[in-house]
Amino acid sequence: MPVKAISEYKFPSKSRQELYGDDQLVHVWWKDNPWFCAAACFRAPRAMPWSDFWSALVVPFFEEDPDWSPDQQFAFSIDGTPVEPKATDTFADIGLVHKGVLAMVRA
Amino acid sequence: MTTTPSPSDRPVGVDLQESEQNRAVIEAIEADNANATVRHMPGMVRVQAPGRLVINRESVEARLGREWETHEFQLAIISYFGHIKDWDDDQILIAWDR
Amino acid sequence: MTIAPKAPRKLSMKDRYSALTRDLAWDPSYVTNEEMFPFTNFEGITIHDWSKWEDPFRLTVDAYTKYQAEKDKRLYAVLDGFAQSQGHLGLTDASYLNAMKLFIQGVSPLEYQAHRNFAYLARHLNGPGPRFAALCQSLDEIRHIQTEVHTLSNYNKLYTGFHSYVWQHDRVWYLSVPKSFFDDAVSAGPFEFLIAIGFSFEYLLTNLLFVPFMSGASFNGDLPTMTFGFSAQSDESRHMTLGLEAIKFLLEQDEKNVPLVQHWIDKWFWRGYRLLALVAQMLDYMLPRKVMSWKEAFDLYFEQQMLGGLFVDLAYYGITPPKFVEQAKEEKEYLSHQVYWTLYQFSHAASFTTSIPTDEHMEWLSANYPKFDELYKPLWEKEKRNVAAGGRHFDRGLPELCSVCQIPMLFTEPGDPTTICQRHSDFEGERFNFCSDGCKNIFDHEPEKYVQAWLPVHQIFQGNCGGASIPDVLAWYRMNPEDGGEYLGSTDHQNWLAWHDMAEKTGGN
């Protein structure tokens with residue numbers, strides 16, 4: 001439904017992907033761990049392989065939990081659909097759009 | 001709330017600053033509203049009554065020992081619930097419409 | 001107070017009001033009404049007769065200025081007395097002031113915004129009655145921010161975190177919550193603004209904000225804040241009346257207004273309720289001496305007074321309680337705990353401090369919230385072990401934000417307080433995330449409005465907030481290292497201990 005306004009009301013999104021150049025925003029949500037109050041938001045290159053994303057961004061964030069174990073395995077999903085990222089997968093390969101939410105639970 | 005109370009008993013009320021001046025106002029409200037109840041909270045007093053609450057200039061003046069215009073109630077009030085149905089030289093009335 | 005005996009009056013209150021407001025209005029003769037009032041048509045609201053607007057306060061300009069001056073005199077007498085007597089030393093604890101830091105950063109600038117928009121209404125509403133009421137409210141609101149700043153400036157001389165509230169209000173992540181709320185309201189049309197601020201905020205929800213704040217101040221030794229709060233609230237009862245008259249007026253003028261008003265009530269209840277999440281945690285966590293729990297306040301001021309009182313009246317017009325109100329009722333058990341846990345782990349990027357609740361405080365939380373022991377106490381116990389081992393839970397990154405309320409997405413699913421609620425919509429090929437059905441509903445109704453939201457996390461990642469590292473961003477926020485983080489051992493805490501040791505030593509002289 002359009003905004004009721006005194007003149008044309010059309011403004012670009014302030015979070016659109018092009019504002020991040022070759023990068024995009026990705027949310028990672030550790031669903032079964034209330035230690036983290038909310039999902040984390042990362043900016044990462046769209047071409048970044050999954051294994052790099054995991055080790056360079058995700059682990060340093062979540063290992064702040066004193067119970068973090070590097071051996072912990074996780075099951076992943078996007079909007080309720082399970083995904084199994086491979087080391088070389090990009091976000092596009094696993095279906096993670098700009099500002100998408102990747103959920104993980106302890107496997 | 002599971003039941004809808006009838007208009008006559010849904011409470012209305014005012015929150016007033018707890019002060020020396022306002023003691024007379026609170027006493028006047030208690031005297032003029034048979035079912036009024038008073039609850040003290042830090043710094044303030046809540047007066048409520050079922051259905052309607054009235055503040056009469058003459059009752060306040062009698063307790064204050066001086067003239068009091070109803071506009072002065074603005075110095076006392078913190079909040080209220082209900083509608084202000086009427087506010088004239090002699091009386092302030094708070095009640096629900098229905 | 002010395003108010004001179006009244007001279008006999010020629011006119012009654014009713015007649016004076018009529019003479020000094022409505023009789024001073026005129027009909028334009030060389031422009032049309034539409035040219036004179038160009039902004040009261042585009043929202044689709046139909047008004048047949050502006051003279052039907054009621055103002056039960058019957059306030060006139062002479063009475064207004066007389067009583068406002070008296071209110072200010074009383075307040076400034078208290079401020080002077082408190083400052084001269086070193087009143088700050090009588091607070092329950094320096095940590096109490098965290099609530100006031102949040103207040104001046106988050107709420108006071110909204111008073112200024114309200115001042116501006118009510119000035120606009122004072123010019124642009126067609127009827128002289130509502131124009132005069134809006135003018136008074138505009139003056140009230142500027143008085144509120146001025147008195148709040150004067151009151152809290154005494155603390156700024158001695159405590160951290162108060163110094164850059166205006167700058168921070170426009171930039172800091174948690175302050176984008178109140179800022180965007182009000183930006184949403186002032187960028188709407190005059191009628192939506194009246195329902196948004198005049199009715200939903202000032203009537204439905206204001207008691208939840210102000211009354212606990214002021215009672216909290218009273219209970220924690222903060223006399224000046226209590227006094228400014230009550231002084232502001234005495235104006236607030238007039239604002240409540242304006243909001244209530246506005247809604248009844250719109251509903252009575254034309255049946256076609258009903259669905260528009262209902263939508264605005266739904267939207268602005270939820271917007272306002274989300275904003276009050278900050279108040280919920282203040283009541284349950286930031287006040288060293290508790291007044292009432294958020295749950296009790298919500299039950300008393302919202303469920304009993306509004307749902308049980310007001311909405312019974314509004315049902316006559318076909319108005320129903322706000323959409324998603326059931327969610328708010330359910331959340332009263334969880335809200336404050338979830339929000340404080342969030343502020344706790346992000347307070348290294350805040351202009352206030354946080355700390356683990358003391359044992360006594362946790363007992364109070366357990367006693368007031370049946371789910372506390374199961375859901376939240378284990379987190380604090382874990383954090384105690386973390387702190388004992390030399391840690392402190394500060395998030396190492398940035399959270400996912402809701403695209404409407406801009407709060408980190410910390411709220412949980414209806415019926416499941418252990419799973420975070422995730423909603424999203426796609427608009428013109430782009431994904432937008434929301435914390436709740438309430439916020440998603442608001443977005444879906446007007447996506448064009450919310451796509452332009454300045455979401456702090458996204459802006460930081462775009463490089464618009466001073467740089468890429470946390471120190472860069474904090475410098476851009478004008479936050480000093482001592483302003484945020486852990487309370488125990490902070491500058492305020494250390495000063496507090498030193499002042500009190502000193503007070504004990506010199507006390508016997």
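Numbered from 1 within each chain, the chains take letters A, B, ... in sequence-line order.
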Worksheet item: When you check the side-chain N and O atoms of C:S180 and C:D183, is any donor under 3.5 Å from an acceptor?
Response: no
Discussion item. Using heavy-atom distances under 4.5 Å, tell me whether A:V97 contacts chain C through its side chain, its backbone, both, or neither.
Written reply: side chain
Worksheet item: Just by distance, with hydrogens left out, do C:Y344 and C:Q281 show a side-chain donor and acceptor under 3.5 Å apart?
Response: no
Item to complete: Would you mind telling me which of C:K449, C:E383, C:M409, C:R396 has the largest number of heavy-atom pairs within less than 4.5 Å of chain A?
Response: C:R396
Worksheet item: Can you tell me how far CH2 of A:W50 sits from CG of A:L96, rounded to the nearest 0.5 angstrom?
Response: 8.0 Å
Practice prompt. Name the region of C:F346, side chain, backbone, both or neither, that has any atom closer than 4.5 Å to a heavy atom of chain A.
Written response: side chain
Discussion item. As an exercise, state the distance from OH of C:Y334 to NE2 of C:H337, rounded to the nearest 0.5 Å.
Written reply: 9.5 Å
Worksheet, complete the sentence: In terms of heavy-atom pairs under 4.5 Å with chain A, the winner among C:T342, C:V339, C:N41 is C:T342
Worksheet item: At a heavy-atom separation under 4.5 Å, does A:D65 approach chain C through its side chain, its backbone, both, or neither?
Response: side chain
Item to complete: Considering only heavy atoms and a distance below 4.5 Å, find which of C:R385, C:Q345, C:Q459 pairs most often with chain A.
Response: C:Q345
Worksheet item: CH2/A:W29 to OG1/C:T419 distance, rounded to the nearest 0.5 angstrom?
Response: 6.5 Å
Response to the item:
The interface call for C:R423 against chain A, heavy-atom contacts under 4.5 Å, is neither
Discussion item. Taking every non-hydrogen pair under 4.5 Å, which of A:G21, A:C41, A:A38, A:G100 racks up the most with chain C?
Written reply: A:C41
Worksheet entry | Winner by heavy-atom pair count (cut-off under 4.5 Å) against chain C, out of A:A103, A:P12, A:P34 | A:P34
Worksheet item: Tell me, side chain or backbone of C:Q462 under 4.5 Å from chain A's heavy atoms, or both, or neither?
Response: both
Discussion item. Shorter than 4.5 Å, heavy atoms on both sides: which option in C:K382, C:E192, C:H424 has the most such pairs with chain A?
Written reply: C:K382
Worksheet entry | Residue among A:F11, A:F42, A:Y20 with most heavy-atom pairs under 4.5 Å to chain C | A:Y20
Worksheet item: How long is the span from the NZ atom in A:K4 to the CD1 atom in C:I45, to the nearest 0.5 Å?
Response: 7.5 Å
Practice prompt. Check whether A:I6 gets within reach of chain C through its side chain, its backbone, both or neither, counting any heavy atom under 4.5 Å.
Written response: both
Response to the item:
OH of C:Y376 to NZ of C:K371, rounded to nearest 0.5 Å, is 9.0 Å
Discussion item. Between A:D23 and chain C, with a heavy-atom cut-off of 4.5 Å, which part of the residue counts as in contact: side chain, backbone, both or neither?
Written reply: neither
Worksheet entry | C:F39, part contacting chain A, at a heavy-atom distance under 4.5 Å | side chain
Item to complete: Kindly check if the number of other-residue, nucleotide or ligand heavy atoms within 6.0 Å of CD (C:E35) is above 12?
Response: yes
Worksheet entry | A:W30: which of A:W35, A:F76, A:F74 passes ring pair (Phe, Tyr, Trp, His ring centres under 6.0 Å) | A:F74
Worksheet item: Is it true that atom CG of A:D22 has more than 12 heavy atoms of other residues, nucleotides or ligands lying nearer than 6.0 Å?
Response: no
Practice prompt. Let me know if C:Q422 has heavy atoms under 4.5 Å from chain A in its side chain, its backbone, both or neither.
Written response: side chain
Worksheet item: For A:F62, is it the side chain, the backbone, both or neither that has a heavy atom under 4.5 Å from a heavy atom of chain C?
Response: neither
Item to complete: Against chain A, label C:L455 side chain, backbone, both or neither, depending on which of its atoms sit under 4.5 Å from a heavy atom there.
Response: side chain
Worksheet entry | Part of C:L260 within contact of chain A (heavy atom distance under 4.5 Å) | side chain
Practice prompt. Determine, for A:E8 against A:K10, whether the closest basic-nitrogen to carboxylate-oxygen distance falls under 4.0 angstrom.
Written response: no
Practice prompt. State which residue, out of C:Q262, C:H445, C:E446, fulfils the side-chain hydrogen bond (donor to acceptor under 3.5 Å, both in side chains) condition with C:K267.
Written response: C:E446
